[in-house]
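Working notes for the structure below.
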Amino acid sequence: MQDLQELLELAISTAEVAAVMLVDKRPADLGVAYTKSSSTDVVTEMDRASERLIVDRIRAARPGDAFLGEEGGETGGSSGVRWIIDPIDGTVNYLYDLPDWAVSIAAEVDGEVLVGVVAVPMRGELYTAARGQGSHLVRVDGSIRQLRCNTGVPLDQALIATGFGYAAELRARQAEALLRVLPRVRDIRRGGSAAADLCSVAAGRVDAYYESGPKIWDFAAGALIVQEAGGSVGGLHGAPPSAGLTMAAAPDLFAPLHDLLDEAGAASG
Ligand code: IPD
């Protein structure tokens with residue numbers, strides 16, 4: 001039996017240390033270290049430094065745990081706990097010194113995400129959730145607010161966050177789906193960090209989020225934060241959130257959004 005409080009505190013303190021490092025040590029001349037799936041899928045030296053810091057810090061406290069990191073991939077462990085890490089979610093924003101980037105850390109116990117923490121350092125915000133204990137926004141001034149998704153929003157008045165992948169073919173399909181979605185909703189936002197977008201759903205700053213193509217490290221922590229704020233998270237036809245399609249909204253908006261995205265062909269793969 002894992003102590004959720006211990007996992008949550010470790011995730012919080014580690015996200016805070018990584019956030020400070022990323023703000024304080026961001027080189028003025030930061031460039032692209034290398035690209036991954038396409039020329040637009042960039043990695044900076046700071047993505048790697050952040051992931052090293054996060055993994056080293058957690059491993060020092062809990063040597064038996066496994067890891068799945070955006071940059072470092074999978075490392076095995078025997079404790080039943082796996083940490084899912086995006087060391088900078090919104091790398092393109094970080095590269096350009098735009099404020100919406102995040103550090104995302106989730107702890108999965110026996111295959112279920114039970115703890116999620118997302119730091120959005122340039123907003124001075126830390127989002128936290130533990131399964132069954134609600135989700136909270138901790139501000140840099142120390143204030144804490146319990147989060148609730150917006151409810152009672154009809155689809156045609158919903159402000160919806162989305163994101164785009166890096167492959168040209170995926171982007172073309174996302175643009176086609178967007179043509180069908182945009183006329184049917186209040187408006188669309190593309191913030192540049194899936195983790196921060198999910199936290200915005202939990203905080204009621206947008207009504208919903210959807211994206212085809214996000215990876216588990218983009219949404220693992222944010223999905224729990226939405227669920228613990230009363231929201232629903234999933235894919236099409238009862239599937240779990242995945243790279244095919246990840247949607248998040250209050251339960252009463254989830255069903256009409258699901259049907260619109262299904263009709264619009266928003267899922268990939
Ligand atoms: C990306 C961001 C972006 C989303 C992409 C992600 P990264 O994560 O979350 O908002 O649209 O799908 O890959 O690459 O900056 O960690």
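For ligands, and for the atoms within them, numbers begin at 1 and follow the listed sequence. Everything numeric in this text was worked out from a predicted model, so none of it was measured. Side-chain atoms are counted along with the backbone in the values below, which use heavy atoms only and exclude waters and symmetry mates.
Atoms of ligand 1 found under 4.0 Å from any heavy atom of Gly163 (numbered from 1 in listed order, with element): 11 (O). With ligand atoms numbered from 1 in the order given, ligand 1 contributes 14 (O), 16 (O) to contacts under 4.0 Å with heavy atoms of Glu70. Heavy-atom contacts of Thr91 reach the following atoms of ligand 1: 15 (O) (cutoff under 4.0 Å). Which parts of ligand 1 touch Asp86 is read off a 4.0 Å heavy-atom cut-off, strictly below it: atoms 16 (O).
In terms of protein heavy-atom proximity, atom 13 (O) of ligand 1 is nearest to Tyr166 CE1, 3.5 Å. Of all protein heavy atoms, the one lying nearest to atom 8 (O) of ligand 1 is Asp89 OD1, 2.9 Å. Ranking the protein heavy atoms by distance from atom 4 (C) of ligand 1 puts Glu211 OE2, 3.2 Å first. For atom 6 (C) of ligand 1, the nearest non-hydrogen atom of the protein is Asp218 OD2, 3.8 Å.
Residue Ile88 places at least one N or O, backbone or side chain, under 3.5 Å from an N or O of ligand 1. Between Pro214 and ligand 1, no N or O atom pair is found at a separation short of 3.5 Å. Considering backbone and side-chain atoms together, Ala194 places an N or O closer than 3.5 Å to an N or O of ligand 1. Where the criterion is an N or O separation shorter than 3.5 Å, residue side chain and backbone included, Ala195 fails it with respect to ligand 1. For Asp197, no nitrogen or oxygen atom sits less than 3.5 Å from a nitrogen or oxygen atom of ligand 1, counting backbone and side chain alike. Among the atoms of Gly192, some N or O lies under 3.5 angstrom from an N or O of ligand 1.
Although no hydrogens or angles enter the test, the distance criterion places a donor-acceptor pair under 3.5 Å between the side chain of Thr162 and the main chain of Tyr210. Side-chain atoms of Gln2 come within 3.5 Å of backbone N or O of Ser79 as a donor-acceptor pair. Checked by atom type and distance alone, the side chain of Thr40 pairs as donor or acceptor with a backbone atom of Tyr166 at under 3.5 Å. A donor-acceptor contact shorter than 3.5 Å is absent between the side chain of Glu125 and the backbone of Leu137. Panel note: side chain Asn93, backbone Asp100; a donor-acceptor pair is recorded below 3.5 Å.
Not a single heavy atom of Gly213 sits under 4.0 Å from any atom of ligand 1. Look at Lys215 and you'll find every heavy atom at least 4.0 Å from all atoms of ligand 1.
Annotation: ring pair (Phe, Tyr, Trp, His ring centres under 6.0 Å) contacts involving residues 19-42, sequence neighbours excluded, are absent. Screening residues 107-116 for salt bridge (Lys or Arg N to Asp or Glu O under 4.0 Å), with sequence neighbours left out, gives Arg82-Glu108, Glu112-Arg131.
To the nearest 0.5 Å, atom CD1 of residue Ile88 and atom CZ of residue Arg48 are 11.0 Å apart. Atom SG in Cys149 sits 11.5 Å away from atom CZ in Phe254 (nearest 0.5 Å). The CD1 atom of Ile105 sits 10.0 Å away from atom CD1 of Ile12, with the distance rounded to the nearest 0.5 Å. Within the model, atoms CZ of Arg139 and CZ of Arg123 stand 9.5 Å from one another, a figure rounded to the nearest 0.5 Å.
Contacts with ligand 1 closer than 4.0 Å are made by no heavy atom of Gln174, backbone or side chain. For Ser193, every heavy-atom contact with ligand 1 shorter than 4.0 Å involves the backbone, none the side chain.
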